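Owing to the predicted nature of the structure, the values given are computational and were not obtained by experimental measurement. Letters go in sequence order (proteins before strands), and every chain restarts at 1.
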Number of protein chains: 2
Amino acid sequence: MDNLQLAPIIIGKLLNIGGMLQRHSNRTLLPFGLNHQQFSIFFEIGKAGKVKQKDMVNRLLLEKAHVSKVVKKLHGMELITITASDEDKRSAWLAPTPKGKQILNKLRGVFKKWHKEWIEDVDDKQLNSILENLSHLQAVFEDKLLGNE
Amino acid sequence: MDNLQLAPIIIGKLLNIGGMLQRHSNRTLLPFGLNHQQFSIFFEIGKAGKVKQKDMVNRLLLEKAHVSKVVKKLHGMELITITASDEDKRSAWLAPTPKGKQILNKLRGVFKKWHKEWIEDVDDKQLNSILENLSHLQAVFEDKLLGNE
DNA sequence: CTATATAAGTATCCATGGAAACCATTTTTT
DNA sequence: AAAAAATGGTTTCCATGGATACTTATATAG
């Protein structure tokens, strides 16, 4: 088969899988009042311990307007604290509250459980090959897509 | 490294790549007044030539309410025709208009061009390995995720 | 052959997230 | 040091898409 014919198939599959995963995490997160983007922001804050909004924008490649809204929501849910920064009065530090940390732990458990489930059906060698492939693709797309923005 | 640790990394990459691709196609389709989901529905109609809404729902795994709205939009843009069906008066046949076919062709060209671009950076062997891996993952997730819906 | 269940689409509600304009502060230029 | 540019966040606007209820037509039961 011509290689160029593989391209749309691969893209199609990536979009399809991405969609399935998105819908799945949204459903999983529903009881916690979050969706998968909100969680990814929350998760980053938890991982870093102390960050600013622009860090989220850079790391997750999201719109700053969007991050701003999500931060407000997370704060409203008492999952994070927002403390003014002295160096730069335009921005503030974000950090998880104790309650936030608790919920993060719980969610980590939930996701770990389902990771265990699906990973059973993929053998070890393949797993590494998948990771390698995806890393390469990610780099290629980042290069091609973020270059012309 | 423990295999279970690979799982969240792989999921993360899939979500990340999926997101990038989505945003990219949305931007590409913007001048045509479509987004990537709308295009996928339009594309399916074009491919099939003559279909009903429920076919889209089944093939693309989208909400029927959503498909209904998109169909209305495509019709409003004069990209498809909607003709009443005799066998079943609840549903109607969808088919691309001449104008619709023209636009589909143009879009096929646009996508083909960018497929050519990124595929250059992936060698042939890897391409096949990627396809294989993604097909397997797709099957696994479909099984695990659609089973409990 | 009615009565009930199911199926195909539609209408409505509402949180989401991209885009653009905007504000306040900080940095760079001249 | 004043003017211009850049940066970090916020607000507002609006199309999107998931969820639910509803309408009409078809299929299945009793």
Are there over 12 heavy-atom neighbours, none belonging to A:Lys99, within less than 6.0 Å of that residue's NZ?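 Yes - once you tally the heavy atoms of other residues, nucleotides and ligands closer than 6.0 Å, there are more than 12.
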Is it true that, when you exclude B:Lys52 itself, more than 12 heavy atoms of the residues, nucleotides or ligands shown sit nearer than 6.0 Å to its NZ?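 Atom NZ in B:Lys52 is packed in, count exceeds 12.
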Go through it in stages, so that I can follow the logic: the residues are A:Lys106 and A:Phe32, the test is side chain to side chain contact (heavy atoms under 4.5 Å, CB included), and I'd like the CA-CA distance, side-chain angles, deciding distance and then a yes or no. CA-CA 10 Å; A:Lys106 203 183 226 167; A:Phe32 297 86; 3.8 Å; yes
Minimum-distance nucleotide to B:Glu63 side chain [options: C:dT25, D:dT20, D:dT16]: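 Ranking C:dT25, D:dT20, D:dT16 by closest atom to the B:Glu63 side chain puts D:dT20 first.
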Mind checking the OG-CG spacing from B:Ser40 to A:Leu15? Nearest 0.5 Å is all I need.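 Rounded to the nearest 0.5 Å, the OG-CG separation comes out at 9.0 Å.
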Let me know the distance between CG of B:Leu30 and C1' of D:dT16, rounded to the nearest Å.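 Atom-to-atom, B:Leu30 to D:dT16, this comes out as 13 Å.
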By the 4.0 Å heavy-atom rule, please label B:Asn35 as base, sugar-phosphate, or nothing.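 Result for B:Asn35 = sugar-phosphate.
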Roughly how many Å is it from CG in A:Asn26 to C1' in D:dT16, rounded to a whole number?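 The distance from CG of A:Asn26 to C1' of D:dT16 comes to 14 Å, rounded to the nearest Å.
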Polar side-chain atom of A:Glu44 near backbone of A:Ile41 as donor-acceptor pair, under 3.5 Å: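 Side chain of A:Glu44 to backbone of A:Ile41: no pair is present.
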Spell out protein contact along nucleotides 7-13 of chain D as letters: B when the base is contacted, S when just the sugar-phosphate is, - when no protein heavy atom is under 4.0 Å; keep the 5' to 3' order. BBBBBB-
Charged N to carboxylate O under 4.0 angstrom, A:Lys125 versus A:Asp123?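 Between A:Asp123 and A:Lys125 there is no salt bridge, as every charged N stays at least 4.0 Å from the carboxylate O atoms.
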Pick the nucleotide of DNA chain D nearest each of B:Gln37 and B:Glu87; which residue has the one closer to the 5' end?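 Its nearest nucleotide being more 5', the pick is B:Gln37.
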